[in-house]
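Beneath this line is the structure, given in structure tokens, with notes to follow.
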Amino acid sequence: MGKRIKQYKRLMRDFEFLGFRSPYQVLMTSDVILETLKVDLVHLFNKALSTKEIKPMITQCCIRALYGKNMGPNRDPAAAAAIERAKDFERRRCGHLMDQDPLTERECMMSVVDPKGKGENKFRYIVATQDEELREKLRSVVPTPLMYVKRSVLILEPMSQSSAKVRQREERAKFTDGIVRRPKKRKREGEDDSGDDDEDGDSGSDDEGDKAAEAAGEPKPKKKKKAHGKKGPNPLAVKKAKKETGGEKKEASKTGSRKPAAAPEGESSEQKAKRKRRKKTSAATEGAAKEGAQAGEAAAVEVVAAAPAED
């Protein structure tokens, strides 16, 4: 049993290469349900496919076939239980109406798996059926895993020859995809090829010069490195400037942070340095200075007037 599960894992890995993904869609016919009434069918699918992510599905035509087996004098006694179990599975709408175009289960399954008749399993169904003729037809539909029940054991058939050929072709194409060079992109209309030709010509001449230098035994000239701008200091290592506090700003405003007025053009640098700022005097100090000057002048006049009287 362990060897069989390993084989099934390897087989499903090959089918995953062709586009199968979990949860797997398992499409079954009515005879599989009738065959496994005494067994848990979902558990068999989980064990065979080595996953719990599956979607058991059944078509409307297969449900109708179960109802047909439950009618008439020759009805199957197990059909009623099979109908109740089929109601638990997901219903796959095949679009075949009972009144207009009643189809057999075989025709319905072929139309669902290969809707366009191109031999391709478009929706990646895993088909479980006891009908050998249906399995024979589905082997030509690529890629279609086929299952059937034998003595309460679910059997997964090996990959068909048509599916194996497609897998080999896909694997070969994927392997050679990186080796084979892809064609260049087409140029737009109106583009000049002169620039490309010039560039090709320049590169060709450079290659020829290098080859000639090597043949003559001269050392190959080194390529000039690209000159970068001057590198600045690391901003994380530079010490940040101290921010002025409120008290320092007030002191600077009191002392006077205004710049001195520009000197006239005729003055030299020494004169600019020697020049001092005149202080403004108030009106009271100006009056006192004037009174002092007037008193001094009066005293001088009196001295001058008294000098000849002494002689």
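The figures here come from the full heavy-atom set of this structure, side chains too, leaving out hydrogens, waters and symmetry mates. Everything numeric in this text was worked out from a predicted model, so none of it was measured.
Partners of Glu171 under the side chain to side chain donor-acceptor pair (under 3.5 Å) rule, at least two apart in sequence or in another chain, are Arg167. In this structure, the side chain to side chain donor-acceptor pair (under 3.5 Å) partners of Asp131, at least two apart in sequence or on a different chain, are Arg106. Considering only residues two or more places apart in sequence or on other chains, Asp114 meets the salt bridge (charged side-chain N to carboxylate O under 4.0 Å, His left out) condition with none of them. Under the rule for a side chain to side chain contact (heavy atoms under 4.5 Å, CB included), the partners of Ala82 that lie at least two apart in sequence or sit in another chain are Ile33, Leu34, Leu37, Leu66. Lys116 is linked by a side chain to side chain contact (heavy atoms under 4.5 Å, CB included) to Lys118, Lys122, counting only residues two or more places apart in sequence or in another chain. Not counting sequence neighbours, the partners of Ser162 by the side chain to side chain donor-acceptor pair (under 3.5 Å) test are Ser160. Every residue two or more places apart in sequence or in another chain was checked for a side chain to side chain contact (heavy atoms under 4.5 Å, CB included) with Lys165, and none qualifies. Residues passing the side chain to side chain contact (heavy atoms under 4.5 Å, CB included) test with Pro23, sequence neighbours excluded: Glu53, Lys55. Legend: residues meeting side chain to side chain donor-acceptor pair (under 3.5 Å) with Gln25, ordered by chain and number and at least two apart, are absent.
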Working for side-chain contact (heavy atoms from CB on, under 4.5 Å), residues Met57 and Met28: CA-CA 6 Å; Met57 308 173 78; Met28 67 189 79; over 6 Å; no
From CA spacing to verdict: side-chain contact (heavy atoms from CB on, under 4.5 Å), Met110, Leu134: CA-CA 8 Å; Met110 286 298 298; Leu134 177 60; 4.0 Å; yes
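A distance of 14.5 Å separates CE of Met12 from CD of Gln7, quoted to the nearest 0.5 Å. Rounded to the nearest 0.5 Å, atoms OG (Ser152) and CG (Asp40) are 12.0 Å apart. Summarising the geometry, atom CD belonging to Glu35 is positioned 11.0 Å from atom OG1 belonging to Thr129; distances are rounded to the nearest 0.5 Å. One distance of note links SG of Cys94 with CD of Glu105; it measures 10.5 Å at 0.5 Å rounding. The CG atom of Leu44 sits 10.0 Å away from the CD1 atom of Ile155 when rounded to the nearest 0.5 Å. The line from CG of Asn46 to CD1 of Ile54 is 4.5 Å long, rounded to the nearest 0.5 Å.
Across every non-hydrogen atom of Leu156 and Tyr8, the tightest pair is N-OH, 3.3 Å. The two atoms that bring Ala80 and Asn70 nearest to each other are N-OD1, 4.0 Å, heavy atoms only. Looking at every heavy atom in both residues, Leu11 comes nearest to Pro158 through CD2-CA, 4.0 Å. In plain terms, the two heavy atoms of Ile5 and Lys47 that are nearest each other are CG1-O, 4.4 Å.
Taking hydrophobic clusters as Ile, Leu, Val, Met, Phe, Trp and Tyr residues chained together by side-chain heavy-atom distances below 4.5 Å, Phe123 does not share a cluster with Leu49. No chain of hydrophobic side-chain contacts below 4.5 Å, direct or via other Ile, Leu, Val, Met, Phe, Trp or Tyr residues, connects Leu154 to Leu138. Cluster annotation: Val26 is connected to Ile63 through the hydrophobic network of ILVMFWY side chains, with a link wherever side-chain heavy atoms come within less than 4.5 Å. Linking Ile, Leu, Val, Met, Phe, Trp and Tyr whenever their side-chain heavy atoms come within less than 4.5 Å puts Tyr67 and Phe89 in one cluster.
Within the 4.5 Å cutoff, no side-chain heavy atoms of Lys69 are placed close to those of Arg75.
Applying the side chain to side chain contact (heavy atoms under 4.5 Å, CB included) test between Glu136 and each of Arg139, Glu132, Glu133 identifies Arg139 as the sole match. Under the side chain to side chain contact (heavy atoms under 4.5 Å, CB included) test applied with Leu27, the options Thr59, Ile58, Ile126 reduce to a single match, Thr59.
Within the structure, ring pair (Phe, Tyr, Trp, His ring centres under 6.0 Å) pairs that include any residue of residues 17-54 comprise Phe15-Phe20 (at least two apart or interchain). For residues 83-95, the side chain to side chain donor-acceptor pair (under 3.5 Å) pairs, not counting sequence neighbours, are Arg92-Tyr125.
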If you look only at distance, which donor and acceptor atoms sit under 3.5 Å apart when one is on a side chain in residues 142-151 and the other is two or more places apart or in another chain?
residue	atom	partner	partner atom	Å
Thr144	OG1	Val141	O	2.9

